[in-house]
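Down below is the structure, laid out as structure tokens.
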Amino acid sequence: MGLLVICIVASVLAVLLLRWINPFYSAFMAEAQAAAWLSRDSHYEYRHSWVDLDRISPNLPLAVVASEDQKFPEHWGFDVAAIEKAYALNQHNHKVRGASTISQQVAKNLFLWSGRSYFRKGLEAYFTVLIESLWPKRRILEIYLNIAEFGYGTYGAEAAAQRFFHEPASRLTRADSAVLAAVLPNPEHYSAAAPSRYVQQRREWILGQMQALGGPEMLDEIDAYPNRHR
């Protein structure tokens, strides 16, 4: 019991500190680098550079919200309707469909490991609650955009912008941002540099959703959403 209390206190303190301290690394990055090293993968090249949210074009956060989690401004970490829909579909489909919110993805990528065990999902839910309780929405989005993998070994908005478009994250266009968001489900398979037909079609869909959400102005009020008081 004493060890459990220590683990809970340590995890709460870690999440609280990360409200102000920028993480220079994530558990997902460490796992990927270890896997590449163990397999002697000469193609793996680690790229990552932190940038604050105000140095990222507002097109990119809007694109990832449009693509990954359109209820992000209003939910408290979990999209119950999406989870129920995914569960129903997975009962009749061999290809498992996920329903993770941006908050859940931050919890998993920052603190945990890949896999689908109930234990890991339980920890993911626990860290998601902590993150949503202790961080503003803008901070969640800022960390997500800095640790998400946009290409094999390429993490975060700045590294992705420099690698694929040869420009800083602050200058990403709507189309560039939509392409980056389009590859997020499988950045090791899809390419932002040479988008497949599927990625191009998804980019067009994301551009439409960005417009429907109201444009970058939507993000200005992201922490002022009704019933969110921080």
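We use all heavy atoms of the structure for the numbers below, so side chains are in, but hydrogens, waters and symmetry mates are not.
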N-O pairing of Arg202 and Glu204 below 4.0 Å: no
Student check: side-chain heavy atoms of Leu180 and Phe165 closer than 4.5 Å: yes
Tell me whether Trp37 is reachable from Trp113 by hopping between hydrophobic residues (I, L, V, M, F, W, Y) whose side-chain heavy atoms are closer than 4.5 Å. no
Under 4.0 Å between a side-chain nitrogen and a carboxylate oxygen: does that hold for Arg55 and Glu158? no
Taken in chain and number order and not counting sequence neighbours, the residues that satisfy ring pair (Phe, Tyr, Trp, His ring centres under 6.0 Å) with Tyr190 are Tyr198
Are Tyr118 and Phe78 grouped together when hydrophobic residues (ILVMFWY) are joined by side-chain heavy atoms under 4.5 angstrom apart? no
Does the side-chain contact (heavy atoms from CB on, under 4.5 Å) test come out yes or no for Tyr155 and Asn109, once each step is laid out? CA-CA 11 Å; Tyr155 304 93; Asn109 291 355; over 6 Å; no
For Thr128, which residues count as a side-chain hydrogen bond (donor to acceptor under 3.5 Å, both in side chains) partner, sequence neighbours excluded? none
Short question: side chain of Ser57, backbone of Leu172 - any donor-acceptor pair under 3.5 Å? yes
Locate the shortest heavy-atom distance separating Ala161 from Pro168; write the atom from each residue and the value. CB-C, 3.8 Å
Using side-chain heavy atoms (C-beta onward) and a distance below 4.5 Å, is Pro23 in contact with Ile143? yes
Would you check if there is a donor-acceptor pair between the side chains of Trp50 and Asp52 at a distance under 3.5 Å? yes
Roughly how far, to the nearest 0.5 Å, is CG of Leu13 from CD1 of Ile8? 12.0 Å
Stepwise side-chain contact (heavy atoms from CB on, under 4.5 Å) test for Tyr144 and Val64: CA-CA 10 Å; Tyr144 177 73; Val64 299; 4.1 Å; yes
Side chain proximity check, Tyr126 to Ser11, heavy atoms < 4.5 angstrom: yes
Expected output: side-chain Arg19 to main-chain Leu134 donor-acceptor under 3.5 Å: yes
According to a 4.5 Å side-chain heavy-atom criterion applied to Ile, Leu, Val, Met, Phe, Trp and Tyr, with indirect links allowed, do Val129 and Val5 form part of one hydrophobic cluster? no
So which heavy atom on Arg163 is nearest to which on Gly151, and how close? NH1-C, 4.1 Å
With heavy-atom distances below 4.5 Å as the criterion, would you say the side chains of Lys137 and Leu141 are in contact? no
With side chains defined as the heavy atoms from C-beta onward, is the minimum distance between Val199 and Ser191 less than 4.5 Å? no
Are Leu3 and Val9 linked, directly or through other ILVMFWY residues, by side chains that come within less than 4.5 angstrom of each other? no
Mind checking what makes salt bridge (charged side-chain N to carboxylate O under 4.0 Å, His left out) contact with Arg171, not counting sequence neighbours? none
If you take all heavy atoms of Glu68 and Ala181, which pair is closest and at what distance? OE2-O, 4.4 Å
Identify, with sequence neighbours excluded, every residue that meets side chain to side chain contact (heavy atoms under 4.5 Å, CB included) alongside Gln209. Ala66, Gln70, Trp205
Go through the side-chain N and O atoms of Glu167 and Gln162 and say whether any donor and acceptor fall under 3.5 Å apart. no
Strictly distance-based, threshold 3.5 Å: is any side-chain N or O of Gln104 a donor or acceptor partner for the main-chain N or O of Lys108? no
Under 4.5 Å side-chain linkage, directly or through intermediates, the cluster mates of Ile21: Leu17
Begin with the C-alpha distance, continue with both residues' side-chain angles, and end with the deciding distance and a verdict on side-chain contact (heavy atoms from CB on, under 4.5 Å) for Phe72 and Ile140. CA-CA 10 Å; Phe72 176 71; Ile140 298 173; 3.8 Å; yes
Check: Thr154 side chain, Arg47 main-chain N or O, donor-acceptor pair, under 3.5 Å: no
Residues which pass side-chain hydrogen bond (donor to acceptor under 3.5 Å, both in side chains) with Arg174, listed by chain and number, not counting sequence neighbours: none
Glu188 CD to Tyr44 OH distance, which is reported to the nearest 0.5 Å: 8.5 Å
Common cluster, Ile6/Phe127, ILVMFWY with side-chain heavy-atom separation under 4.5 Å: no
Could you give the distance from CG (Asp69) to OG (Ser103), rounded to the nearest 0.5 Å? 6.5 Å
Mind listing the closest non-hydrogen atom pair of Ala159 and Ser49 along with its distance? CB-N, 4.4 Å
Would a 4.5 Å heavy-atom cut-off, applied to side chains only, mark Ser196 and Gln201 as touching? no
Below 4.0 angstrom, N of the basic side chain to O of the carboxylate: do Arg139 and Glu142 qualify? yes
Report yes or no: do Asp41 and Ser39 form a side-chain donor-acceptor pair below 3.5 Å? no
Evaluate side-chain contact (heavy atoms from CB on, under 4.5 Å) for Glu149 paired with Met29, printing each intermediate quantity in order. CA-CA 9 Å; Glu149 186 179 21; Met29 294 177 195; over 6 Å; no
As an exercise, state the distance from CZ of Arg120 to CG of Leu112, rounded to the nearest 0.5 Å. 6.5 Å
Smallest heavy-atom separation, Ala160 atom then Phe150 atom, equals CB-CB, 3.7 Å
CD on Glu124 to OG on Ser117, rounded to 0.5 Å: 10.0 Å
Measuring only between side-chain heavy atoms, which start at C-beta, is Leu18 closer than 4.5 Å to Leu110? yes
For the atom pair CG (Leu60) and OG (Ser170), what is the distance rounded to the nearest 0.5 Å? 11.5 Å
Taking atom types as modelled, is there a side-chain donor on His48 or Asn146 under 3.5 Å from an acceptor on the other? no
